[in-house]
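Sharing a structure here in structure tokens format.
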Amino acid sequence: MYRTHTCGELRPENIGKEVILAGWVQRVRDLGAMSFIDLRDRYGITQLVADENTSEEVKKTLEELGREFVIQVTGTVRERSSRNKNIPTGDIEIEISGLKILSPSAVPPFTIQDDTDGGDDLRMKYRYLDLRRNAVRKNLELRAQMAHAVRSFLTANDFIETETPVLIKSTPEGARDFVVPSRMNPGEFYALPQSPQIFKQLLMVAGFDKYFQIVKCFRDEDLRADRQPEFTQIDCEMSFVEQEDVLNTFEGLTKYAFKEVLNVEVDNFPRMPYTTAMEKYGSDKPDIRFEMLLNDLTEQAKGKGFVVFDSAEYIGGVCAKGCAGYSRKQTDELTNWVKRPQIGAKGLVYVKYNEDGSLKSSVDKFYSPEDLKAWAEKLQAEPGDLMLILSGEKQPTINALGELRLEMGNRLGLRKKGTFKPLWVIDFPLLEWDEETKRFFAMHHPFTSPKPEDISLLDSEPGKVRANAYDLVINGVEIGGGSVRIFDSELQAKMFDILGFTPEQAKAQFGFLMNAFKYGAPPHAGIAFGFDRLVSLFAGLDSIRDVIAFPKNNAGRDVMNDSPAPVSKEQLDELHLQLVKKIK
RNA sequence: GGUGGCGUAGUUCAGUUGGUUAGAAUGCCGGCCUGUCACGCCGGAGGUCGCGAGUUCGAGUCUCGUCGUCACCGCCA
């Protein structure tokens with residue numbers, strides 16, 4: 001037996017007890033005639049003590065100890081003469097009678113403590129050491145708790161957890177696939193799934209009725225703080241349901257997770273049409289922790305001789321509460337902020353609605369106080385507020401205003417981490433026009449059903465057709481999305497046609513699904529949550545890397561094992577692969 | 001594919017207008033220390049200033065390139 005207790009469990013009631021502990025040396029404090037050692041495992045820290053009663057043999061071993069040595073210690077629990085209120089085991093200590101080094105440690109490159117001195121790069125390279133730190137391990141414990149909560153909720157609701165293949169067929173739609181060469185089938189490739197989409201629909205045809213899986217998905221696209229090449233989804237599909245059934249079920253799941261894991265009660269989730277989200281929040285994933293809604297000023301601001309506005313397709317603004325006192329420096333700062341290439345606005349017009357009711361703007365030359373008053377009314381600005389106005393082409397300007405709204409929300413501290421405001425964004429457009437290829441793409445995926453009342457528009461105005469598609473958004477983060485699927489072969493064929501597939505192409509790509517639908521496909525709908533994002537949201541983190549045990553960097557590299565890496569000539573030969581040009 | 005930030009001791013950082021021998025803290029090593037818990041005190045070692053060119057009498061500092069890393073835009077049905 002390596003240990004009788006963990007390093008987090010001994011208390012005064014154990015005093016006098018003979019125990020064996022094992023763990024890592026957090027720190028040795030050598031006071032000369034006596035020494036203290038903090039012994040750490042994932043459960044906590046227990047203080048070991050050696051003094052004049054300690055054997056020479058133990059003392060000798062003590063001298064060899066360094067940080068992160070793995071040791072086993074035998075001893076007696078005793079009361080401390082000076083207690084430490086900061087740790088749960090702070091009332092006791094272990095008087096060492098036996099000490100064994102199980103495994104020595106090189107000096108670690110950074111300190112294993114909550115406020116480590118290690119930078120991100122270094123901690124990634126030595127991820128196994130970083131994971132010893134409380135702060136990092138706690139995120140993964142939270143992740144495990146959440147996975148457990150999800151399983152228990154969905155299992156209790158009759159969902160069947162089913163695994164689907166990881167080696168599947170590449171499809172041209174959507175993100176780039178990771179491809180895997182097949183040794184046994186020269187010149188042919190598997191792809192890793194971007195999601196188990198088609199398989200879960202087949203499970204519905206199979207009559208599974210309610211399916212879920214916590215599953216890895218893979219997308220070969222450029223990364224961000226909240227995007228990894230491999231990530232985890234809570235993937236679900238249900239039969240004989242309508243949109244409302246799916247929304248209610250997964251609203252229930254989300255609330256259950258909040259309650260179980262964080263003990264937080266969240267309000268019912270509002271439903272917001274996509275068009276409202278775009279027009280009022282400038283985003284399809286609105287952060288509704290604060291108001292500051294976008295408002296259209298095109299009508300009010302046009303035709304007064306200000307050439308920038310007069311030539312603009314759209315003029316819109318937001319009202320920053322209590323910011324009328326902003327200095328020239330602050331407004332200049334905001335102007336520069338919106339002019340950054342990432343935001344792309346040409347400039348920023350501001351109107352200060354002073355406490356005394358007067359109005360001061362950067363365009364006073366063109367607008368009378370009455371004009372500005374009308375703006376204030378539209379933006380619901382009151383004395384003391386600052387109105388910020390952008391103009392230009394409609395869509396880019398709305399996007400920029402949405403970004404500006406979030407930035408002001410940040411500056412005003414309106415985006416608090418512990419506050420959770422989920423909502424459903426619904427009625428997404430079915431199709432998206434791509435300028436480059438001059439064709440429509442499915443905004444969600446090709447199996448998403450149009451709203452029945454919009455089906456008549458499919459031929460005349462495909463861009464206006466709304467889908468039975470929905471996203472769960474929490475605090476401006478897209479947590480998940482899904483749709484009601486098409487289960488009618490004829491409608492599905494029409495969709496493929498609109499998406500530019502010939503019947504032959506459609507058959508080659510999705511023939512087995514269409515074939516399956518011939519044998520009695522139930523109406524079905526589904527949803528998938530980004531599990532990593534959900535965990536990082538619960539943890540109050542901005543990067544999903546912190547909730548993944550071994551994440552990749554933003555170039556998709558694992559800096560710990562230095563992958564991806566070249567493979568040998570023999571491996572390539574076996575896979576019937578030849579490199580076109582030598583890299584590096 | 002693009003924009004920007006960062007790269008100096010094991011680590012986190014400072015380094016003035018381009019100017020003598022590149023500093024601090026922490027960690028590490030040695031010594032002292034009987035109640036520490038961020039122990040304390042004394043001493044010591046530790047540097048390819050990411051790499052390569054260039055400008056200059058002289059480059060950690062300026063220029064260009066390159067590599068690494070982070071954030072963002074494009075991209076991610």
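Values below: every heavy atom of this structure, side chains too, minus hydrogens, waters and symmetry copies. First the proteins, then the strands, lettered A, B, ... as listed; each starts at 1.
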Could you give the distance separating B:U56 and B:A9 at their P atoms, to the nearest angstrom?
-> 30 Å
Its contact letters, B for base, S for sugar-phosphate only and - for none at protein heavy atoms under 4.0 Å, make nucleotides 31-42 of chain B read --BBBBBSB---
Under a 3.5 Å limit on both distances, the Watson-Crick or wobble mate of B:A24 is B:U12
Write down the partner of B:G74 under the Watson-Crick or G-U wobble criteria, each distance required to be under 3.5 Å.
->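 Partner of B:G74: none.
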Calculate the interatomic distance between A:R227 atom CZ and B:C73 atom C1'; express it in whole Å.
->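 For the pair A:R227 CZ and B:C73 C1', the rounded distance is 10 Å.
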Closest heavy-atom pair, A:L48 versus A:L21, reported as atoms and distance to 0.1 Å, is CD2-CD1, 4.4 Å
Quote, to the nearest angstrom, the C1' distance that separates B:U69 from B:A24.
-> 25 Å
Any side-chain heavy atom of A:D471 within less than 4.5 Å of one from A:I479?
-> no
Can you check the A:I112 CD1 to B:G27 C1' distance for me, whole Å?
-> 12 Å
Would you mind reading off the distance between A:E64 atom CD and B:C29 atom C1', rounded to a whole angstrom?
->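 Those two atoms, CD and C1', are 16 Å apart.
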Distance in angstrom units between A:D121 CG and B:U69 C1', rounded | 5 Å
Has the side chain of A:Q194 got a donor or acceptor atom that lies under 3.5 Å from a matching backbone atom of A:A175?
-> yes
Is there a donor N/O on one and an acceptor N/O on the other, under 3.5 Å, for the side chain of A:R219 and the base of B:C76?
-> no
P atom, B:G2 versus B:G60: distance in rounded Å?
->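 About 31 Å, rounded to a whole number of Å.
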Please give, in whole Å, the distance from B:G74 C1' to A:Q342 CD?
-> 11 Å
Using the P atom as the reference point in each nucleotide, state the distance between B:C28 and B:U11 in Å, no decimals.
->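 Looking at atom P only, B:C28 and B:U11 are 14 Å apart.
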Expressed as a whole number of Å, how far does the P atom of B:U55 sit from that of B:C64?
->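 Comparing P positions in B:U55 and B:C64 gives a spacing of 15 Å.
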Contact summary for A:L388 and A:L401, nearest pair of heavy atoms | O-CD2, 4.2 Å
Mind checking whether A:H445 and A:F447 have parallel, tilted or perpendicular rings, split at 30° and 60°?
->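 The rings of A:H445 and A:F447 sit tilted, inter-plane angle from 30° to 60°.
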Within this structure, what is the NZ-to-P distance between A:K339 and B:G4, rounded to whole angstrom?
-> 17 Å
Please list residues of residues 490-503 of chain A whose heavy atoms come under 4.0 Å from any atom in RNA chain B, ordered by number; otherwise none.
->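 Nothing qualifies; none.
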Does A:D222 get its side chain close enough to the base of B:G74, under 3.5 Å, for a donor-acceptor pair?
->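 By the distance-only test, yes, there is a pair.
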Between the side chain of A:Y211 and the main-chain N/O of A:L203, is any donor-acceptor distance below 3.5 Å?
-> no
Do we get A:R439 above A:F441's six-membered ring, with its NZ or CZ under 6.0 Å from the centre and within 45° of the axis?
-> yes
Quick check: does any side chain N or O of A:Q505 sit under 3.5 Å from a backbone N or O of A:T502, one acting as donor and the other as acceptor?
-> yes
Does A:T111 reach the main-chain N or O of A:Q113 with its side chain, forming a donor-acceptor pair under 3.5 Å?
-> no
Under the ring-ring contact (aromatic ring centres under 6.0 Å, His included) rule, collect the residues that match up with A:Y274, sequence neighbours excluded.
-> A:F428
Heavy atoms under 4.0 Å, any strand shown: does A:S195 hit a base, just sugar-phosphate, or nothing?
-> base
Separation between the P atoms of B:A22 and B:G50, rounded to whole Å =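 Pairwise P distance, B:A22 against B:G50, rounds to 15 Å.
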Should the heavy atoms of other residues, nucleotides or ligands under 6.0 Å from NZ of A:K507 be counted, would the total exceed 12?
-> no
N/O to N/O distances under 3.5 Å, protein versus nucleotides 9-11 of chain B:
| unit_1 | atom_1 | unit_2 | atom_2 | d |
| --- | --- | --- | --- | --- |
| B:U11 | O2' | A:D117 | O | 2.5 |
| B:U11 | O2' | A:D117 | OD1 | 3.4 |

What distance, rounded to whole Å, do you find between the two C1' atoms, one in B:G18 and one in B:A25?
-> 28 Å
Taking atom types as modelled and ignoring hydrogens, do the side chains of A:Q213 and A:T164 form a donor-acceptor contact shorter than 3.5 angstrom?
->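 Yes.
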Distance, rounded to the nearest Å, where A:N336 contributes CG and B:C72 contributes P | 21 Å
Listed by chain and number, what are the side chain to side chain donor-acceptor pair (under 3.5 Å) partners of A:E407, not counting sequence neighbours?
->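 Here the qualifying residues are A:R411.
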Any donor-acceptor pair under 3.5 Å linking the side chain of A:D532 with the backbone of A:T232?
->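 Between the backbone of A:T232 and the side chain of A:D532 there is a qualifying donor-acceptor contact (under 3.5 Å).
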Rounded distance (Å) that lies between atom P of B:G50 and atom NZ of A:K125 = 17 Å
Which residues in residues 540-558 of chain A have at least one heavy atom lying under 4.0 Å from any atom of RNA chain B?
->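 Result for residues 540-558 of chain A: A:R545, A:N553, A:N554, sorted by number.
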Are the charged groups of A:R545 and A:D120 less than 4.0 angstrom apart, N to O?
-> no
Sticking with atom C1', work out how far B:G10 lies from B:U20, rounded to a whole angstrom.
->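 One C1' to the other, the span is 29 Å.
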